[in-house]
Amino acid sequence: MSRLPLAGLRVLDLATLFAGPLAATLLGDFGAEVVKVEHPTRPDPSRGHGPAKDGVGLWWKVLGRNKRTMTLDLSTPGGRATLLRLAASADVVVENFRPGTLEKWDLGWPELSAANPRLVLARVTAFGQFGPSSHRPGFGTLAEAMSGFAALTGEPDAPPTLPPFGLADSIAGLATAYAVMTALAAREHTGAGQVVDMAIIEPILAVLGPHPTWYDQLGYVQERTGNRSANNAPRNTYRTADGCWVAVSTSAQSVAERVMGLVGRPELIDEPWFATGAGRAAHADVLDAAVGGWIAARTRTDVLAAFEKAEAAIAPVQDVRDVLADPQYTALHTVTTVDDPELGPLRMQNVLFRLSETPGAIRWAGRPHGADTDAVLTELGLAPAEIAALREAGAL
């Protein structure tokens, strides 16, 4: 723990489903002490999302890693008082209740900052803390729709496409971890904490690139292009002779030229339109036919080897089975094994990045609901009788 860069940072994770908890996970991966606070009878729904083994949710094992777990009903007097005591010694609170919920329990920013003026409160909601939609219920799916992502995704003559995983939530989780670290850095200068207002609809819009600027300046609205790009070509997925798929990208002009030389169509390089990405994108049919025809006549192994020799950009289209066997992921230790008391060895994604001197670590997988309640409260200074009283009152 002493080598982990965020050791000594204390985080209370009050959030559920998925952006807020992911932010806390990312902080925990690099040493923050994260305490996951769940309702006594309504735990984080991620425990029940997706496949389970022996009744234990596997998604939770990843999302709940490096977190101690305790139960607390914040709507009860005992729960409120206990949270304020926990917040007094914490650095960060992450929550994702609808705006006004913490205030209804007298646990808003005035109360939390009075208990700890150095506290950072990260508030993660679908639409933010103010505005006409702020009090609506919402999930990442709505952000994927509202941001323009779905409108851009899919084939031109097909419906808009939503991702089959929590894309907007994941992007917001990354952004929230960054926002928390920014607020903590500011605290070093000011000595005071502050509120982070994270709306899930915003980070996904940020990663979509210059679409608002394009529209503002040119009235340009990008249409769905499937696997093609509006900015360069060839860029697509192509099927090999042995029924596999590969993805080719030619964002750089030099790479596009290498690809056309490789597939036996060097004369296309001399076409006036080939000199720009937009020009190549306008002739994607010609380029796709050239590249796709060449790839279709060869096995995936031969295609990948030829592209590598030509220093052209290509990757196999992999499912999770391929990912776990991929030599590059293996070399990077992108997937690691964690020993879990409930399920034994578990393979999961490793920490997000590598630090040369103070690397992160997965110390344990997600723990059972409320497993550390008594330990956390005892460390807080509560006597066994006080803990028993809170439990009797329904606060735990």
Side-chain angles (χ1 to χ4, degrees), residues 1 4-16 19-39 44 66-125 128-130 134 172-199 372-373 375-382 390 395:
M1 284 289 291
L4 295 174
L6 299 184
L9 190 71
R10 300 197 68 197
V11 178
L12 302 180
D13 175 9
L14 314 183
T16 60
L22 176 59
T25 302
L26 297 172
L27 298 173
D29 282 351
F30 286 90
E33 177 196 350
V34 181
V35 177
K36 175 72 175 182
V37 180
E38 298 173 86
H39 191 276
D44 188 329
N66 292 333
K67 300 179 184 182
R68 304 169 79 192
T69 60
M70 67 171 294
T71 59
L72 203 59
D73 186 345
L74 305 182
S75 68
T76 66
R80 174 187 181 277
T82 303
L83 181 69
L84 289 174
R85 290 184 64 173
L86 288 165
S89 61
D91 297 284
V92 180
V93 171
V94 182
E95 64 95 4
N96 71 333
F97 300 105
R98 279 200 235 176
T101 301
L102 283 184
E103 287 75 11
K104 179 178 64 176
W105 298 330
D106 293 326
L107 286 171
W109 179 238
E111 292 81 11
L112 290 170
S113 60
N116 182 356
R118 291 176 55 81
L119 186 70
V120 171
L121 174 62
R123 314 195 74 169
V124 186
T125 57
Q129 294 295 311
F130 57 91
S134 59
L174 291 164
T176 301
Y178 165 57
V180 165
M181 296 307 299
T182 302
L184 291 171
R187 189 179 71 174
E188 293 299 306
H189 302 291
T190 66
Q194 59 183 299
V195 176
V196 171
D197 179 4
M198 179 61 66
D372 303 293
T373 301
V376 171
L377 295 181
T378 299
E379 293 167 11
L380 191 62
L382 274 68
L390 286 170

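Predicted model, so just to flag it, every value in this text is computed and none were measured.
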What is the minimum heavy-atom distance between L84 and A115, and which atoms define it?
O-CB, 4.0 Å
Just how far is it from atom CZ of R85 to atom CG of N116, taken to the nearest 0.5 Å?
14.5 Å
Side chains of Q129 and V195 in contact at under 4.5 Å (non-hydrogen atoms)
no
Could you go step by step and tell me if L121 and V196 meet the side-chain contact (heavy atoms from CB on, under 4.5 Å) rule?
CA-CA 6 Å; L121 174 62; V196 171; over 6 Å; no
Nearest heavy atoms of V34 and A24, plus distance in Å
CG2-O, 3.6 Å
Do E95 and L107 have side chains that approach each other closer than 4.5 Å (heavy atoms only, starting at C-beta)?
no
Taking all heavy atoms of M198 and all of A179, pick out the closest pair and write down the distance.
CE-CB, 4.2 Å
Could you check if a side-chain atom of K36 sits within less than 4.5 angstrom of a side-chain atom of P21, using non-hydrogen atoms only?
yes
V11 to A32 - nearest heavy-atom pair and separation
CG2-CB, 4.0 Å
Within the 4.5 Å heavy-atom criterion, are L72 and L86 side-chain neighbours or not?
yes
Rounded distance (nearest 0.5 Å) linking atom CG of L390 with atom CG of D73:
11.0 Å
Does V35 reach the side chain of K67, with side-chain heavy atoms less than 4.5 Å apart?
no
Pick out which of L184, D29, D91, L27 makes a side-chain contact (heavy atoms from CB on, under 4.5 Å) with L6.
L27
Smallest separation among heavy atoms of G79 and A395, with atom names
N-CB, 3.7 Å
Can you find a heavy atom in the side chain of D13 that is under 4.5 Å from one in the side chain of D44?
no
Under the 3.5 angstrom rule, does the side chain of D372 hit a backbone N or O of M70 as a donor-acceptor pair?
no
Heavy atoms, side chains only, cut-off 4.5 Å: are L9 and F30 in contact?
no
Working for side-chain contact (heavy atoms from CB on, under 4.5 Å), residues E33 and R68:
CA-CA 8 Å; E33 177 196 350; R68 304 169 79 192; 3.3 Å; yes
With the side chain counted from C-beta on, respond yes when L74 and F97 share a heavy-atom pair under 4.5 Å apart, and no when they do not.
yes
